[in-house]
Amino acid sequence: MEFNEFLKKYQNLPLLNTDLLLTGETDPRLLRVQLSRWVKAGHLFRLKRGVYAFAPHFQKILPSPYLIASVLTRPSYVSLEKALEFHGLIPEAVFTVTCVTTKRPGRFETPLGRFSYNHVRPQLFWGYASVLLEDQSGSMAHPEKALLDLIYLKAPRLTKNYLEGLRLQNFEKINAGRLLEYGRRFKKPRMLHAAGMIIAYMKKTASTEKKL
């Protein structure tokens, strides 16, 4: 297959998976050789084994970082700092897509971004939902789970100074009842304590802001 023919056939896809590309191919080995050549020529990006994207000048659809995150490691969902940014809970831009997975932890440095995966036990793989960005789906932690994942995985010394350092904002997006429920579901006293501290901090901060 010539590249122009390949481009015309698959340009409407944000990501390319060899399982799909090889369907119906009479010579899968030839297609793999062609994919390798097109990567070397700069026509395609290889994100990981079996997953490709068109280079920017050939892209008809820009791949969502949340779609890429869900494809690079399965199962996984975006959480920690990147999810806090997505929900508007912190003001800073986060340039690494931070994720949670039941698989091994790891990092992917790709031409389309950096992706970091943190391991949790299957019993803690919950508290997320599907999100759409430009008609592309991905899995995103609820605001409350993103906060608790951050504390659970980074294990900071949880103090007022630490919470102030996060520069949390838009407290109305955090459901206090769900935060407490999620804190209990970790089945670790420190996580329920963390949920309580966050709620107390939000109430005190909101009260102080009203007085100003």
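- Side chains of Leu35 and Phe6 form a contact here, defined as non-hydrogen atoms less than 4.5 Å apart.
- Judged purely by atom type and a 3.5 angstrom limit, Lys60 has no side-chain atom pairing as donor or acceptor with the backbone of Gln11.
- Between Tyr117 and Ile68, the closest heavy-atom pair is OH-O, 4.3 Å.
- By the 4.5 Å heavy-atom criterion applied to side chains, Arg32 and Leu22 are counted as neighbours.
- Between the side chain of Asn118 and the main chain of Thr101, no donor-acceptor pair closer than 3.5 Å is present.
- Test Leu13, Thr18, Leu20 against Leu16 for side-chain contact (heavy atoms from CB on, under 4.5 Å) and you get one pass: Leu13.
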Exercise for the section: Using the side-chain contact (heavy atoms from CB on, under 4.5 Å) rule, take Glu134 and Ile61 through it: C-alpha gap first, then chi angles, then the decisive distance, then the call. Expected result: CA-CA 9 Å; Glu134 301 295 333; Ile61 300 174; over 6 Å; no

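- Judged by distance alone, the side chain of Glu85 and the main-chain N or O of Val94 form a donor-acceptor pair under 3.5 Å.
- Taking all atoms of both residues into account, the shortest heavy-atom contact from Val100 to Phe125 is O-CE1, 3.6 Å.
- Other residues, nucleotides and ligands contribute at most 12 non-hydrogen atoms within 6.0 Å of the CZ atom of Arg37.
- Nearest heavy atom pair, residue Ser76 against residue Ser139, reads O-CB, 3.7 Å.
- Using modelled atom types, one side-chain atom of Gln34 and one backbone atom of Met1 make a donor-acceptor pair closer than 3.5 Å.
- With 3.5 Å as the limit, one finds a donor-acceptor pair spanning the side chains of Asp149 and Tyr77.
- Counting all heavy atoms, side chain and backbone alike, Met197 lies closest to Leu158 at CE-O, 3.7 Å.
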Practice task
Check the pair Phe171, Lys203 against side-chain contact (heavy atoms from CB on, under 4.5 Å), reporting the backbone distance first and the verdict last.
Solution key: CA-CA 9 Å; Phe171 294 150; Lys203 287 180 178 178; over 6 Å; no

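- Side-chain atoms of Gln136 come within 3.5 Å of backbone atoms of Leu62 as a donor-acceptor pair (strictly under, hydrogens ignored).
- Side-chain N or O atoms of Ser70 include none that pairs as donor or acceptor with a backbone N or O of Gly138 at under 3.5 Å.
- Under a 3.5 Å cut-off, the side chain of Asn170 and the backbone N or O of Lys173 do not form any donor-acceptor pair.
- By the 6.0 Å contact criterion, NE2 on His193 is open, its count of non-hydrogen atoms from other residues, nucleotides or ligands being 12 or less.
- Pairing each heavy atom of Leu47 with each of Ala53, the nearest pair is CD1-CB, 4.3 Å.
- Crowding of Arg107 atom CZ: a count of heavy atoms from other residues, nucleotides or ligands under 6.0 Å exceeding 12.
- Residue Glu109 places its CD atom among more than 12 non-hydrogen atoms of other residues, nucleotides or ligands, all under 6.0 Å distant.
- A donor-acceptor pair under 3.5 Å is formed between the side chain of Gln169 and the backbone N or O of Gly88.
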Practice task
Test salt bridge (Lys or Arg N to Asp or Glu O under 4.0 Å) on Lys8 and Glu5 and set out the steps.
Solution key: CA-CA 5 Å; Lys8 185 177 180 180; Glu5 181 185 353; over 6 Å; no

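- A 6.0 Å sphere centred on CZ of Arg121 holds more than 12 heavy atoms belonging to other residues, nucleotides or ligands.
- Under the 6.0 Å cut-off for aromatic ring centres, Trp38 and Tyr52 do not qualify, their centroids lying 6.0 Å or more apart.
- Counting heavy-atom neighbours within 6.0 Å of Lys48 NZ, excluding the residue itself, gives a total above 12.
- Looking only at side-chain heavy atoms (C-beta outward), Arg46 and Pro111 stay at 4.5 Å or farther from each other.
- Looking only at distances, no side-chain donor or acceptor of Thr98 sits under 3.5 Å from a matching main-chain atom of Ser116.
- Between Met140 and Val78 the shortest side-chain heavy-atom distance falls below 4.5 Å.
- Looking only at side-chain heavy atoms (C-beta outward), Leu124 and Phe186 come within less than 4.5 Å of each other.
- Within the 4.5 Å cutoff, no side-chain heavy atoms of Thr73 are placed close to those of Cys99.
- Within the 4.5 Å cutoff, no side-chain heavy atoms of Phe45 are placed close to those of Thr110.
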Handout entry: side-chain contact (heavy atoms from CB on, under 4.5 Å) assessment of Phe95 paired with Arg114
Key = CA-CA 7 Å; Phe95 297 104; Arg114 296 193 301 267; 3.8 Å; yes

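- Applying the ring-ring contact (aromatic ring centres under 6.0 Å, His included) test to Phe115 and every residue at least two apart in sequence or in another chain returns nothing.
- Checked against Tyr182 for a side-chain hydrogen bond (donor to acceptor under 3.5 Å, both in side chains), the options His142, Lys145, Glu144 give a single hit: His142.
- When all heavy atoms are compared, the tightest approach of Glu92 to Leu166 is OE1-O, 4.5 Å.
- The backbone N or O of Ile174 sits nowhere less than 3.5 Å from a side-chain atom of His87 that would complete a donor-acceptor pair.
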